[in-house]
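Note that the structure is a prediction, hence the values are computed from the model and not measured. Throughout, a chain's letter reflects where its sequence line sits, starting with A, and its residues are numbered from 1.
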There are 2 protein chains.
Amino acid sequence: MGMETYIQVLKNNRLKVTPRRKAIIGVFMKHGVRMGPYELYEKLKRKLPKLGLPTVYRILEELKDAGILVQSLAEDRRLRYALCACPDEHHHHFTCRKCKKVEEVEFCNFNGLSSFIEKNLNAKVESHNLQIEGLCARCR
Amino acid sequence: MGMETYIQVLKNNRLKVTPRRKAIIGVFMKHGVRMGPYELYEKLKRKLPKLGLPTVYRILEELKDAGILVQSLAEDRRLRYALCACPDEHHHHFTCRKCKKVEEVEFCNFNGLSSFIEKNLNAKVESHNLQIEGLCARCR
DNA sequence: TGGATAAATAGAAATGATTTCTATTTATAC
DNA sequence: GTATAAATAGAAATCATTTCTATTTATCCA
(Lines give C-alpha, C1' and ligand atoms only; values in the text may rest on other atoms or scores of the structure.)
Protein backbone atom coordinates (compact mmCIF):
# COMPACT_ATOMS: atom_id res chain seq x y z
CA MET A 1 0.00 0.00 0.00
CA GLY A 2 1.50 3.29 -1.13
CA MET A 3 1.32 6.79 0.23
CA GLU A 4 -1.43 7.68 -2.23
CA THR A 5 -3.69 5.06 -0.75
CA TYR A 6 -3.07 6.27 2.80
CA ILE A 7 -3.83 9.81 1.67
CA GLN A 8 -7.12 8.55 0.34
CA VAL A 9 -7.87 6.97 3.71
CA LEU A 10 -7.16 10.30 5.39
CA LYS A 11 -9.59 12.03 3.06
CA ASN A 12 -12.23 9.35 3.60
CA ASN A 13 -11.94 10.03 7.31
CA ARG A 14 -12.20 13.80 6.84
CA LEU A 15 -8.64 14.27 8.04
CA LYS A 16 -6.63 16.94 6.29
CA VAL A 17 -3.61 15.85 4.35
CA THR A 18 -0.91 17.72 6.24
CA PRO A 19 2.88 17.46 6.02
CA ARG A 20 3.03 16.10 9.57
CA ARG A 21 0.59 13.31 8.87
CA LYS A 22 2.31 12.36 5.66
CA ALA A 23 5.70 12.47 7.36
CA ILE A 24 4.58 10.14 10.13
CA ILE A 25 3.07 7.68 7.67
CA GLY A 26 6.31 7.96 5.69
CA VAL A 27 8.44 6.98 8.69
CA PHE A 28 6.28 3.91 9.21
CA MET A 29 6.54 3.01 5.53
CA LYS A 30 10.31 3.30 5.66
CA HIS A 31 10.78 1.34 8.89
CA GLY A 32 8.41 -1.61 9.08
CA VAL A 33 8.69 -1.76 12.85
CA ARG A 34 6.46 -0.61 15.63
CA MET A 35 7.28 2.72 17.19
CA GLY A 36 6.15 5.00 19.96
CA PRO A 37 5.54 8.76 19.99
CA TYR A 38 9.00 9.70 21.12
CA GLU A 39 10.78 7.50 18.58
CA LEU A 40 8.81 9.13 15.79
CA TYR A 41 9.48 12.56 17.20
CA GLU A 42 13.22 11.84 17.26
CA LYS A 43 13.21 10.53 13.70
CA LEU A 44 11.30 13.54 12.39
CA LYS A 45 12.75 16.50 14.20
CA ARG A 46 15.52 17.02 11.65
CA LYS A 47 13.16 17.34 8.76
CA LEU A 48 10.48 19.04 10.84
CA PRO A 49 12.32 21.09 13.49
CA LYS A 50 9.12 22.71 14.68
CA LEU A 51 7.30 19.44 15.24
CA GLY A 52 5.95 19.10 18.77
CA LEU A 53 5.54 15.91 20.73
CA PRO A 54 1.85 16.60 21.48
CA THR A 55 1.27 16.72 17.74
CA VAL A 56 2.81 13.28 17.36
CA TYR A 57 0.59 11.87 20.09
CA ARG A 58 -2.49 13.36 18.48
CA ILE A 59 -1.66 12.19 14.98
CA LEU A 60 -0.92 8.65 16.14
CA GLU A 61 -4.31 8.49 17.79
CA GLU A 62 -6.03 9.90 14.69
CA LEU A 63 -4.26 7.50 12.35
CA LYS A 64 -5.16 4.61 14.61
CA ASP A 65 -8.81 5.63 14.59
CA ALA A 66 -8.68 5.88 10.80
CA GLY A 67 -7.32 2.32 10.61
CA ILE A 68 -3.98 3.36 9.15
CA LEU A 69 -2.10 2.31 12.25
CA VAL A 70 -2.49 -0.54 14.70
CA GLN A 71 -1.75 -0.21 18.36
CA SER A 72 0.04 -2.72 20.51
CA LEU A 73 1.23 -2.95 24.07
CA ALA A 74 4.99 -3.31 24.43
CA GLU A 75 6.98 -4.98 27.20
CA ASP A 76 7.59 -1.63 28.87
CA ARG A 77 3.83 -1.29 29.31
CA ARG A 78 3.67 1.48 26.74
CA LEU A 79 1.79 1.72 23.48
CA ARG A 80 3.46 1.34 20.13
CA TYR A 81 2.08 1.76 16.64
CA ALA A 82 2.65 0.12 13.29
CA LEU A 83 1.33 0.54 9.78
CA CYS A 84 -1.65 -1.49 8.73
CA ALA A 85 -1.40 -2.45 5.09
CA CYS A 86 -5.05 -3.25 4.53
CA PRO A 87 -7.31 -1.25 6.82
CA ASP A 88 -10.37 -2.43 4.97
CA GLU A 89 -10.49 -6.07 5.87
CA HIS A 90 -10.28 -7.56 9.32
CA HIS A 91 -6.99 -9.30 10.08
CA HIS A 92 -4.17 -9.38 12.61
CA HIS A 93 -0.50 -8.56 12.97
CA PHE A 94 2.58 -10.43 14.01
CA THR A 95 5.39 -8.62 15.83
CA CYS A 96 8.93 -9.91 16.14
CA ARG A 97 9.98 -9.56 19.75
CA LYS A 98 13.59 -9.05 18.71
CA CYS A 99 13.61 -6.65 15.75
CA LYS A 100 10.05 -5.32 16.32
CA LYS A 101 9.12 -5.81 12.70
CA VAL A 102 5.37 -6.01 12.20
CA GLU A 103 3.88 -8.25 9.52
CA GLU A 104 0.36 -8.69 8.26
CA VAL A 105 -1.51 -11.88 9.10
CA GLU A 106 -4.33 -11.98 6.62
CA PHE A 107 -6.24 -14.64 8.42
CA CYS A 108 -8.64 -14.79 11.35
CA ASN A 109 -10.53 -17.76 12.72
CA PHE A 110 -12.22 -16.00 15.57
CA ASN A 111 -15.70 -17.12 14.59
CA GLY A 112 -15.48 -20.37 16.53
CA LEU A 113 -14.39 -18.60 19.67
CA SER A 114 -17.04 -15.95 19.19
CA SER A 115 -19.91 -18.40 18.90
CA PHE A 116 -18.53 -20.33 21.89
CA ILE A 117 -18.77 -17.13 23.93
CA GLU A 118 -22.21 -16.18 22.67
CA LYS A 119 -23.46 -19.66 23.46
CA ASN A 120 -21.76 -20.24 26.80
CA LEU A 121 -21.82 -16.78 28.32
CA ASN A 122 -24.89 -15.53 26.50
CA ALA A 123 -22.85 -12.43 25.78
CA LYS A 124 -22.67 -10.27 22.70
CA VAL A 125 -19.13 -10.14 21.33
CA GLU A 126 -18.37 -6.78 19.81
CA SER A 127 -14.64 -6.66 19.28
CA HIS A 128 -11.50 -8.65 19.64
CA ASN A 129 -7.89 -7.66 19.57
CA LEU A 130 -5.18 -10.20 19.10
CA GLN A 131 -1.55 -9.47 19.78
CA ILE A 132 0.79 -12.09 18.38
CA GLU A 133 4.51 -12.13 19.09
CA GLY A 134 7.48 -14.31 18.35
CA LEU A 135 10.56 -14.35 16.16
CA CYS A 136 10.41 -13.36 12.50
CA ALA A 137 11.99 -15.37 9.70
CA ARG A 138 15.19 -13.40 9.92
CA CYS A 139 15.55 -13.38 13.71
CA ARG A 140 14.56 -16.95 14.48
CA MET B 1 -11.38 -20.96 42.76
CA GLY B 2 -11.10 -20.03 46.42
CA MET B 3 -8.58 -18.03 48.37
CA GLU B 4 -6.82 -21.20 49.49
CA THR B 5 -6.01 -22.07 45.92
CA TYR B 6 -4.64 -18.61 45.19
CA ILE B 7 -2.51 -18.86 48.33
CA GLN B 8 -1.10 -22.09 46.98
CA VAL B 9 -0.27 -20.34 43.71
CA LEU B 10 1.56 -17.64 45.66
CA LYS B 11 3.60 -20.29 47.45
CA ASN B 12 4.35 -22.13 44.24
CA ASN B 13 5.75 -18.89 42.90
CA ARG B 14 7.85 -18.25 46.02
CA LEU B 15 5.77 -15.22 46.88
CA LYS B 16 5.08 -14.67 50.56
CA VAL B 17 1.50 -14.82 51.70
CA THR B 18 1.09 -11.30 53.03
CA PRO B 19 -2.03 -9.46 54.18
CA ARG B 20 -1.68 -7.01 51.26
CA ARG B 21 -1.57 -9.73 48.66
CA LYS B 22 -4.49 -11.58 50.17
CA ALA B 23 -6.46 -8.34 50.44
CA ILE B 24 -5.92 -7.51 46.79
CA ILE B 25 -6.93 -10.99 45.68
CA GLY B 26 -9.93 -10.65 47.99
CA VAL B 27 -11.09 -7.45 46.32
CA PHE B 28 -10.93 -9.15 42.93
CA MET B 29 -12.87 -12.13 44.27
CA LYS B 30 -15.56 -9.87 45.64
CA HIS B 31 -15.90 -7.69 42.54
CA GLY B 32 -15.60 -9.75 39.38
CA VAL B 33 -14.63 -6.71 37.36
CA ARG B 34 -11.35 -5.42 36.05
CA MET B 35 -9.65 -2.76 38.09
CA GLY B 36 -6.60 -0.55 38.04
CA PRO B 37 -4.07 0.27 40.76
CA TYR B 38 -5.85 3.36 42.01
CA GLU B 39 -9.26 1.69 42.22
CA LEU B 40 -7.81 -1.07 44.37
CA TYR B 41 -5.97 1.43 46.50
CA GLU B 42 -9.22 3.32 47.10
CA LYS B 43 -11.14 0.17 47.97
CA LEU B 44 -8.48 -1.00 50.41
CA LYS B 45 -7.37 2.11 52.22
CA ARG B 46 -10.08 1.82 54.87
CA LYS B 47 -9.05 -1.65 55.92
CA LEU B 48 -5.37 -0.99 55.29
CA PRO B 49 -4.76 2.69 56.05
CA LYS B 50 -1.03 2.31 55.66
CA LEU B 51 -1.21 0.77 52.22
CA GLY B 52 0.82 2.65 49.64
CA LEU B 53 0.06 3.00 45.97
CA PRO B 54 3.53 1.75 44.91
CA THR B 55 2.77 -1.44 46.82
CA VAL B 56 -0.41 -1.92 44.82
CA TYR B 57 1.44 -1.44 41.56
CA ARG B 58 4.07 -3.96 42.59
CA ILE B 59 1.63 -6.57 43.80
CA LEU B 60 -0.48 -6.32 40.65
CA GLU B 61 2.60 -6.97 38.55
CA GLU B 62 3.63 -9.92 40.75
CA LEU B 63 0.18 -11.47 40.69
CA LYS B 64 0.06 -11.07 36.94
CA ASP B 65 3.41 -12.81 36.57
CA ALA B 66 2.16 -15.60 38.83
CA GLY B 67 -0.87 -16.06 36.58
CA ILE B 68 -3.37 -15.04 39.23
CA LEU B 69 -4.33 -11.89 37.36
CA VAL B 70 -4.76 -11.06 33.71
CA GLN B 71 -3.92 -7.70 32.27
CA SER B 72 -5.93 -5.78 29.73
CA LEU B 73 -5.79 -2.42 28.06
CA ALA B 74 -8.75 -0.17 28.81
CA GLU B 75 -10.26 2.60 26.70
CA ASP B 76 -8.35 5.24 28.65
CA ARG B 77 -5.13 3.64 27.44
CA ARG B 78 -4.35 2.32 30.92
CA LEU B 79 -3.86 -1.19 32.19
CA ARG B 80 -6.49 -2.99 34.22
CA TYR B 81 -6.37 -6.34 35.94
CA ALA B 82 -8.81 -9.14 36.63
CA LEU B 83 -8.75 -12.46 38.39
CA CYS B 84 -7.92 -15.54 36.38
CA ALA B 85 -9.86 -18.53 37.65
CA CYS B 86 -7.68 -21.20 36.12
CA PRO B 87 -4.08 -20.07 35.75
CA ASP B 88 -2.96 -23.56 34.81
CA GLU B 89 -4.54 -23.98 31.44
CA HIS B 90 -4.34 -21.61 28.52
CA HIS B 91 -7.56 -19.74 27.82
CA HIS B 92 -8.94 -16.25 27.34
CA HIS B 93 -11.22 -13.71 28.97
CA PHE B 94 -14.27 -11.76 27.95
CA THR B 95 -14.84 -8.26 29.32
CA CYS B 96 -18.16 -6.45 29.29
CA ARG B 97 -17.56 -2.95 28.00
CA LYS B 98 -20.42 -1.63 30.12
CA CYS B 99 -20.11 -3.20 33.57
CA LYS B 100 -16.46 -4.31 33.15
CA LYS B 101 -17.22 -7.80 34.40
CA VAL B 102 -14.62 -10.32 33.29
CA GLU B 103 -15.58 -13.89 32.46
CA GLU B 104 -13.52 -16.95 31.64
CA VAL B 105 -13.54 -18.27 28.09
CA GLU B 106 -12.23 -21.79 28.42
CA PHE B 107 -11.58 -22.23 24.77
CA CYS B 108 -8.87 -21.30 22.32
CA ASN B 109 -8.55 -22.16 18.66
CA PHE B 110 -5.35 -20.31 17.98
CA ASN B 111 -3.60 -23.32 16.45
CA GLY B 112 -4.94 -22.65 12.96
CA LEU B 113 -3.76 -19.06 13.04
CA SER B 114 -0.44 -20.07 14.48
CA SER B 115 0.35 -22.59 11.78
CA PHE B 116 -0.81 -20.10 9.15
CA ILE B 117 1.79 -17.66 10.47
CA GLU B 118 4.57 -20.23 10.75
CA LYS B 119 3.86 -21.34 7.19
CA ASN B 120 3.32 -17.98 5.53
CA LEU B 121 5.76 -15.77 7.39
CA ASN B 122 8.23 -18.50 8.31
CA ALA B 123 8.13 -17.01 11.79
CA LYS B 124 8.15 -18.69 15.16
CA VAL B 125 5.05 -17.79 17.16
CA GLU B 126 5.83 -17.55 20.85
CA SER B 127 2.84 -15.91 22.47
CA HIS B 128 -0.55 -14.53 21.76
CA ASN B 129 -2.83 -12.32 23.77
CA LEU B 130 -6.46 -11.97 22.92
CA GLN B 131 -8.64 -9.22 24.31
CA ILE B 132 -12.33 -9.83 23.77
CA GLU B 133 -14.98 -7.24 24.57
CA GLY B 134 -18.70 -6.84 24.22
CA LEU B 135 -21.82 -6.89 26.33
CA CYS B 136 -22.37 -9.53 29.01
CA ALA B 137 -25.62 -11.46 29.44
CA ARG B 138 -26.95 -8.91 31.89
CA CYS B 139 -25.94 -5.76 30.03
CA ARG B 140 -26.86 -6.79 26.50
C1' DT C 1 8.87 -21.23 70.17
C1' DG C 2 12.25 -17.84 68.96
C1' DG C 3 15.86 -15.92 66.21
C1' DA C 4 17.91 -15.30 61.43
C1' DT C 5 17.17 -13.94 56.85
C1' DA C 6 15.45 -12.42 52.82
C1' DA C 7 11.37 -10.59 51.07
C1' DA C 8 7.90 -7.14 51.41
C1' DT C 9 6.28 -2.61 52.53
C1' DA C 10 5.73 2.56 53.66
C1' DG C 11 6.51 6.88 52.47
C1' DA C 12 8.64 10.44 50.25
C1' DA C 13 10.35 11.88 46.13
C1' DA C 14 11.57 11.77 41.35
C1' DT C 15 10.49 10.71 36.78
C1' DG C 16 8.64 11.27 32.58
C1' DA C 17 4.84 10.04 29.66
C1' DT C 18 0.70 12.18 28.32
C1' DT C 19 -2.64 15.81 28.15
C1' DT C 20 -4.38 20.45 28.17
C1' DC C 21 -4.62 25.05 26.66
C1' DT C 22 -4.29 29.20 23.67
C1' DA C 23 -2.55 31.69 19.99
C1' DT C 24 -1.13 30.99 15.43
C1' DT C 25 -0.87 28.63 11.11
C1' DT C 26 -2.62 26.02 7.28
C1' DA C 27 -5.43 22.81 4.29
C1' DT C 28 -9.58 22.86 1.97
C1' DA C 29 -13.87 24.33 -0.10
C1' DC C 30 -16.06 27.77 -2.66
C1' DG D 1 -8.04 34.53 -3.67
C1' DT D 2 -10.82 34.23 0.62
C1' DA D 3 -13.36 32.26 4.41
C1' DT D 4 -13.52 28.62 7.59
C1' DA D 5 -12.61 25.03 10.35
C1' DA D 6 -9.03 22.00 11.30
C1' DA D 7 -4.33 21.40 12.63
C1' DT D 8 -0.23 22.76 15.01
C1' DA D 9 3.46 24.90 18.23
C1' DG D 10 4.88 25.69 22.48
C1' DA D 11 4.53 26.14 27.14
C1' DA D 12 2.71 24.28 31.04
C1' DA D 13 0.14 21.22 33.87
C1' DT D 14 -1.19 16.76 35.13
C1' DC D 15 -0.75 12.55 37.05
C1' DA D 16 0.38 7.72 36.41
C1' DT D 17 4.30 5.12 37.45
C1' DT D 18 8.81 4.17 39.28
C1' DT D 19 12.68 4.60 42.34
C1' DC D 20 14.87 4.67 46.67
C1' DT D 21 15.84 3.80 51.61
C1' DA D 22 14.59 2.65 56.11
C1' DT D 23 11.57 -0.31 58.43
C1' DT D 24 8.63 -4.23 58.98
C1' DT D 25 7.26 -8.95 58.38
C1' DA D 26 6.64 -13.81 56.57
C1' DT D 27 9.08 -17.86 56.49
C1' DC D 28 12.61 -21.13 57.54
C1' DC D 29 15.04 -23.75 60.74
C1' DA D 30 17.32 -24.88 65.05
Side-chain angles (χ1 to χ4, degrees), chain A residues 3-4 6-27 34-66 68-69 71-81, chain B residues 3-4 6-27 34-66 68-69 71-81:
Chain A
M3 179 61 86
E4 287 312 312
Y6 290 115
I7 287 176
Q8 195 52 52
V9 178
L10 286 178
K11 287 179 179 170
N12 295 344
N13 284 272
R14 286 173 233 278
L15 294 171
K16 289 185 180 173
V17 181
T18 68
R20 317 268 115 133
R21 286 176 177 150
K22 283 197 287 182
I24 286 179
I25 292 171
V27 172
R34 71 180 183 191
M35 287 175 276
Y38 195 75
E39 286 166 277
L40 284 155
Y41 174 71
E42 286 282 297
K43 286 198 196 307
L44 286 169
K45 70 181 182 187
R46 285 190 189 179
K47 280 192 180 175
L48 301 168
K50 306 189 82 182
L51 176 67
L53 199 44
T55 300
V56 180
Y57 272 90
R58 192 177 20 76
I59 291 178
L60 286 174
E61 190 70 10
E62 291 159 351
L63 297 183
K64 187 204 73 177
D65 290 341
I68 293 174
L69 299 180
Q71 201 179 46
S72 61
L73 185 66
E75 320 76 59
D76 62 1
R77 304 162 50 95
R78 270 160 210 143
L79 295 173
R80 299 287 146 78
Y81 300 82
Chain B
M3 180 62 85
E4 286 312 312
Y6 288 116
I7 287 176
Q8 194 54 52
V9 178
L10 286 178
K11 287 177 179 171
N12 295 344
N13 284 273
R14 288 174 231 276
L15 293 171
K16 290 184 180 175
V17 181
T18 68
R20 316 269 115 132
R21 285 177 178 151
K22 284 198 287 183
I24 286 178
I25 293 171
V27 172
R34 71 180 183 190
M35 286 176 277
Y38 196 75
E39 285 167 276
L40 284 155
Y41 175 71
E42 286 281 298
K43 287 198 196 307
L44 286 168
K45 70 181 181 188
R46 285 189 187 180
K47 281 193 179 174
L48 302 168
K50 307 190 80 181
L51 176 68
L53 198 45
T55 300
V56 180
Y57 272 90
R58 193 176 20 75
I59 291 178
L60 287 173
E61 190 70 8
E62 291 159 350
L63 297 184
K64 187 204 73 178
D65 290 341
I68 293 173
L69 299 180
Q71 199 179 48
S72 62
L73 186 66
E75 319 75 59
D76 63 0
R77 303 161 51 95
R78 270 158 211 143
L79 294 174
R80 298 287 146 78
Y81 299 83

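- Between D:dA7 and A:Arg21, a contact under 4.0 Å exists linking OP1 or OP2 to a side-chain N or O.
- Listed for the A:Arg21 side chain is no donor-acceptor partner under 3.5 Å among the backbone atoms of A:Ile59.
- Side-chain proximity of A:Arg78 to the nucleotides C:dA17, D:dT8, C:dT9 is greatest for C:dA17.
- Rounded to whole angstrom, the span from the NZ atom of B:Lys50 across to the P atom of D:dT25 amounts to 8 Å.
- At least one side-chain heavy atom of B:Leu10 sits less than 4.5 Å from a side-chain heavy atom of B:Ile68.
- Between the CD atom of B:Glu39 and the P atom of D:dA16 there is a distance of 11 Å, given to the nearest Å.
- Checked by atom type, the side-chain pair B:Tyr57/B:Glu61 shows no donor-acceptor distance below 3.5 Å.
- One interatomic measurement links the two molecules: CG of A:Leu63 to C1' of D:dA7, which rounds to 13 Å at whole-angstrom precision.
- Interatomic distance, NZ of B:Lys11 versus CZ of B:Arg14, reported as 14.0 Å (0.5 Å rounding).
- Not one side-chain nitrogen or oxygen of A:Arg58 sits closer than 4.0 Å to the OP1 or OP2 atom of C:dT19.
- Side-chain proximity of A:Pro54 to the nucleotides C:dT19, D:dT8, D:dT18 is greatest for C:dT19.
- Closest-nucleotide positions on DNA chain C for B:Glu62 and B:Asp76 were compared, and the one nearer the 5' end corresponds to B:Glu62.
- Counting to the nearest Å, the C1' atom of D:dA6 and the CZ atom of A:Arg14 are 13 Å from each other.
- In this structure, CD of B:Glu61 is placed 16 Å from C1' of C:dA8, rounded to the nearest angstrom.
- Of the possible polar contacts, one joining the A:Asp76 side chain to the A:Arg78 backbone as a donor-acceptor pair under 3.5 Å is found.
- For the pair A:Tyr38 OH and C:dT15 C1', the computed distance is 14 Å after rounding to whole Å.
- A:Glu42 places no side-chain N or O within donor-acceptor distance of the main-chain N or O of A:Glu39, the cut-off being under 3.5 Å.
- Between C:dT19 and B:Arg77, a contact under 4.0 Å exists linking OP1 or OP2 to a side-chain N or O.
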Please list each protein N or O that sits under 3.5 Å from an N or O in nucleotides 26-30 of chain D, with the distance.
from   : atom 1 : to      : atom 2 : distance (Å)
D:dA26 : N3     : B:Lys16 : NZ     : 3.2
D:dT27 : OP1    : B:Val17 : N      : 2.8

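- Atom-to-atom distance recorded for A:Leu40:CG and A:Arg80:CZ is 10.5 Å, nearest 0.5 angstrom.
- Atom OH in A:Tyr41 sits about 14 Å away from atom C1' in C:dA17, given to the nearest Å.
- Across the protein-nucleic acid pair, A:Asp65 atom CG and D:dA6 atom C1' stand 16 Å apart, rounded to whole Å.
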